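See below for the structure under consideration.
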Amino acid sequence: MAECADFMAPKTIFRERDGPELELTFPHISAAGATSEPRSPSFDGSTSCRTREHGLCCKPPHRADAPTGKENAVKVGFIGLGQMGAGMAANLVKGGHDVVVYNRSPHKAAPLVALGARSARVGDACRGDAVITMLADGHAVEGVAFGDGGIVSILPKGAVHVSSSTIGVATSERLARAHAAAGQRYVAAPVFGRPEAAVAAKLIVLAAGEPDAVASVTPLLDAIGQRTFVMSRQPEAANLVKLSGNFLIASVIESLGEAMALVGKGGVDLRACLDLLTSTLFSAPVYRIYGAR
Ligand SMILES: NC(=O)c1ccc[n+]([C@@H]2O[C@H](COP(=O)([O-])OP(=O)(O)OC[C@H]3O[C@@H](n4cnc5c(N)ncnc54)[C@H](OP(=O)(O)O)[C@@H]3O)[C@@H](O)[C@H]2O)c1
């Protein structure tokens, strides 16, 4: 029953972060709270690609363990070796890419170096074809991108900054403008999936940016995720979709919690009720996975 506690107190599930990032430039959408990262499920590959219906594209699932030929190897920096970034960076190394890592707390680089990455300062992580940031929030990304000796000042012209953190639309727009002004390219590529999914290269990647930029980092996105959905030419669109997904996950947790509290008070067996719901009308991964917690 302890596992059902998340349902009864869904607010405890979210980490507080990204507060100021809640400002959106899409006035019809209120994403209050959506930048807090819910414990999103490790998707099992059963997600359907609806983007085709809207004329957008996605790539088919790929084998996470498929080796990357040397011809596809990318010289890439990876900044942010937290719960998500450590697994993502490891999969880039395993995928055959030439990876330089940086983390504010240097000790977190050691396991990556043991795998074959090089550990360096921010500047040295920005001298390749691309640099991926997987930092806590928009403030951290801006600090690393715009700071003295930051990404924008060092990344070569034409190279790509791939921003995978959950950040706000306004921050993503600022990054896009700054990179364009510096002759660099920018792709927003936030992800769905828990740290376990990051380790297993099972993330769902939402990519957006100019097609040539997205294409040039596709081998990297292939290495970290099970599937990439290309949402738009506008980078911030991917951030908006990610925030809307977080909002939906939060809504599911809240509504499922309410339903379970109601039937629980009526003396109904919670597991039997969940079984019924998640095997019939509510069989989506998000209900099944949160239902089991
Ligand atoms: N965890 C999830 O389930 C999940 C799922 C999907 C997406 N996300 C998103 O992925 C991103 C990373 O999440 P996480 O779970 O990996 O977080 P985390 O474990 O807390 O790691 C955060 C990373 O950001 C670095 N960092 C924080 N503030 C910094 C600053 N001011 N300057 C430089 N580096 C800074 C940390 O460095 P130190 O090691 O030095 O602290 C660490 O490398 C977030 O945007 C999150 O919303 C998370």
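One is the number of the first residue; the rest follow in order along the sequence. This structure is a prediction, so every number in the text was calculated from the model and none was measured. Counting starts at 1 for both ligands and their atoms, following the listed order.
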query = Under 3.5 Å, N or O to N or O, is Leu135 touching ligand 1 that way?
reply = yes

ask   = Given side chains that start at C-beta, do those of Phe192 and Leu203 come closer than 4.5 Å, heavy atoms only?
value = no

ask   = Quick one: which ligand 1 atoms are inside 4.0 Å of a heavy atom on Gly193?
value = 5 (C), 6 (C)

query = In ligand 1, which numbered atoms sit nearer than 4.0 Å to a non-hydrogen atom of Val191?
reply = 6 (C), 7 (C)

key: Under-4.0 Å salt bridge between Arg174 and Glu142   = yes

query = For ligand 1, which atoms, with element, lie under 4.0 Å from some heavy atom of Ser165?
reply = 45 (O)

task = List in chain and number order the residues that pass side-chain hydrogen bond (donor to acceptor under 3.5 Å, both in side chains) with Asp124, two or more places apart in sequence or in another chain; answer none if no residue qualifies.
result = Arg127

ask   = Going by heavy atoms in the side chains, are Val122 and Val144 under 4.5 Å from each other?
value = yes

key: His139 heavy atom under 4.0 Å from ligand 1   = no

task = Answer yes or no: does an N/O atom from Lys108 fall short of 3.5 Å to an N/O atom of ligand 1?
result = yes

ask   = Hey, looking at atom 10 (O) of ligand 1, which of Lys242, Met134, Gln83, Glu196 has the closest heavy atom?
value = Met134

inquiry  = With heavy-atom distances below 4.5 Å as the criterion, would you say the side chains of Tyr102 and Cys126 are in contact?
reply    = no

key: Distance filter under 4.0 Å to Leu81 heavy atoms, resulting ligand 1 atoms   = 43 (O)

ask   = Is any side-chain heavy atom of Leu220 closer than 4.5 Å to a side-chain heavy atom of Leu92?
value = yes

message = Tell me the nearest of Glu142, Arg104, Met84 to atom 16 (O) of ligand 1, using heavy-atom distances.
response = Met84

request  = Taking the side chain as every heavy atom from C-beta outward, state whether Thr171 and Asn239 have any pair of such atoms under 4.5 Å apart.
outcome  = no

ask   = Parallel, tilted or perpendicular for His161 and His179, by the 30°/60° rule?
value = perpendicular

key: Per-atom contacts of ligand 1 with Gly80, taking only distances under 4.0 Å to non-hydrogen atoms   = 43 (O)

ask   = Counting heavy atoms only, which of Gly85, Ser105, Gly143, Ala86 comes nearest to atom 40 (O) of ligand 1?
value = Ser105

message = Counting only heavy atoms closer than 4.0 Å, does ligand 1 sit against the backbone of Asn103, its side chain, both, or neither?
response = side chain

